[in-house]
Peer 1: 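My questions will all concern the structure given below.
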Amino acid sequence: MKLSIGCDLGGTNLRAAIVDLESGRILCQKSVPTLAREGHESVMQRMAALFLQLIGSCGMPKEAIDVIGIGVPGVLDLEKGETLFLPNLPGTWPHVPLQDTIAALTGIRTALLNDVRSITNGEWRFGAGRGMETIAVFAVGTGIGGGLVINNQLHLGMGGTGGELGHTMIDYSGPACGCGNHGCLEAYASGPAIAAMGMKAVAQGLTTCIGEMCEFDLNRITPALIAQAAQTGDEIARDIYQRAGFYIGIAAANVCCSIGPRRIILAGGVAQAGELLLDPIRRTLRERVRVMPVDQVEVVLSELGDLAGIIGVASWAADTAQAPRRDHP
Ligand SMILES: [Zn+2]
């Protein structure tokens, strides 16, 4: 059995699991708070300790683990194994040698990958993209991440920067995006953008049960609450998901014309709205793609849920990790 560790470096929690690479099955998992405010040195120490505890609690020798893969929420230098910019972590981690540090602390070779590219690899190897030559993944949560598999290869692009589907533009003169550009998909259809549509509807006094459901505290409006309202038949809530799905559909239409995917997979917390979001995406694709056989493109939900990234990066690491450098302390 080939085993490796997959880890999700999240803003709140460090989650790690031992993954059987033949089946994609998780043998055991553990999670500790990231405590990112303590700084990257402390987070890396806690991460290495988590991996060693995980191996111990699984009752296996360290030698049984082939590699460690870490899914990282941000921009990386894949060649050097460094983090360049992690927008959601304090300090943003410029030029932190995460790969070599973890390899030195654990004695196990290590590789890094962007978190949504990790999800993409997981879904492609073991989930909703299994057996597909070409897929696109939209991960809709606090932001919108993306990933592509093209002709049976996880697409990385220059330095691993390819696949940022959330920052493809819906309208070149649209609202400001967190990345500094205007009119990106993320500014229209991320979790906060969907919540903002709900807040606006209540603030404008439209006839919707969203107001009562949040007890008129606008800060309590979430995509999940709006989805719940939509499922009870609330027209305004349904319309919000129609709009969000339309925007994702427009971005997905551009992806269809670019890479001709067989499947488009929706992941992330907001995807839990299911058909509320899938339906307008499918409709928009059928209406707005003319130059490829769009009726053969399937739009589906992720199958591995919040384990996709951990499984995907464990599998990625096995394919790419280098042996730890001898000159490291
Ligand atoms: Zn953007």
Side-chain angles (χ1 to χ4, degrees), residues 8-11 36 71-78 83-94 112-120 135-150 154-200 221-223 226 240-259 261 264-271 273 277 280-281 284-285 288 299 302 309:
D8 176 55
L9 165 55
V72 182
V75 185
L76 302 170
D77 182 330
L78 286 183
T83 59
L84 293 181
F85 178 60
L86 310 189
N88 300 320
L89 291 183
T92 72
W93 293 44
L112 311 180
L113 186 65
N114 167 275
D115 58 350
V116 183
R117 254 68 88 193
S118 300
I119 291 172
T120 304
I135 64 168
V137 173
F138 288 86
V140 188
T142 310
I144 299 184
L148 303 169
V149 171
I150 302 175
L154 181 70
H155 178 72
L156 295 175
M158 186 177 33
T161 52
E164 287 294 340
L165 304 182
H167 301 283
T168 58
M169 283 170 278
I170 298 300
D171 177 352
Y172 62 82
S173 57
C177 176
C179 75
N181 189 18
H182 287 265
C184 298
L185 173 63
E186 181 170 301
Y188 287 90
S190 64
I194 291 172
M197 286 192 255
M199 291 174 196
K200 197 171 162 196
I221 297 178
T222 60
I226 299 170
I240 289 171
Y241 271 98
Q242 295 276 335
R243 274 189 281 162
F246 169 72
Y247 295 130
I248 298 171
I250 291 293
N254 290 332
V255 170
C256 283
C257 298
S258 308
I259 66 162
I264 291 175
I265 299 167
L266 219 62
V270 173
L277 204 52
I281 296 173
T284 306
L285 284 183
R288 304 304 290 263
V299 183
S302 123

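When reading the values below, keep in mind they use all heavy atoms of this one structure, side chains included, and skip hydrogens, waters and symmetry mates. Remember, it's 1-based here, ligands and their atoms both numbered in the order they're listed.
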Peer 1: With distance as the sole test, does Y241 use its side chain to make a donor-acceptor pair with the main-chain N or O of I194 at under 3.5 Å?
Peer 2: no
Peer 1: Other residues, nucleotides and ligands only: do more than 12 of their heavy atoms fall within 6.0 Å of CZ on R288?
Peer 2: no
Peer 1: Let me confirm one number: the CD1-OG1 distance from I265 to T120, rounded to the nearest 0.5 Å.
Peer 2: 8.0 Å
Peer 1: Protein N, O or S atoms at less than 2.8 Å from the Zn ion (ligand 1), how many?
Peer 2: 4
Peer 1: Could you tell me whether the side chain of S118 and the main chain of G71 form a donor-acceptor pair under 3.5 Å?
Peer 2: no
Peer 1: Is there a donor-acceptor pair under 3.5 Å between the side chain of E186 and the backbone N or O of I144?
Peer 2: yes
Peer 1: Hey, which of D77, V72, L76 is the one that makes side chain to side chain contact (heavy atoms under 4.5 Å, CB included) with L84?
Peer 2: D77
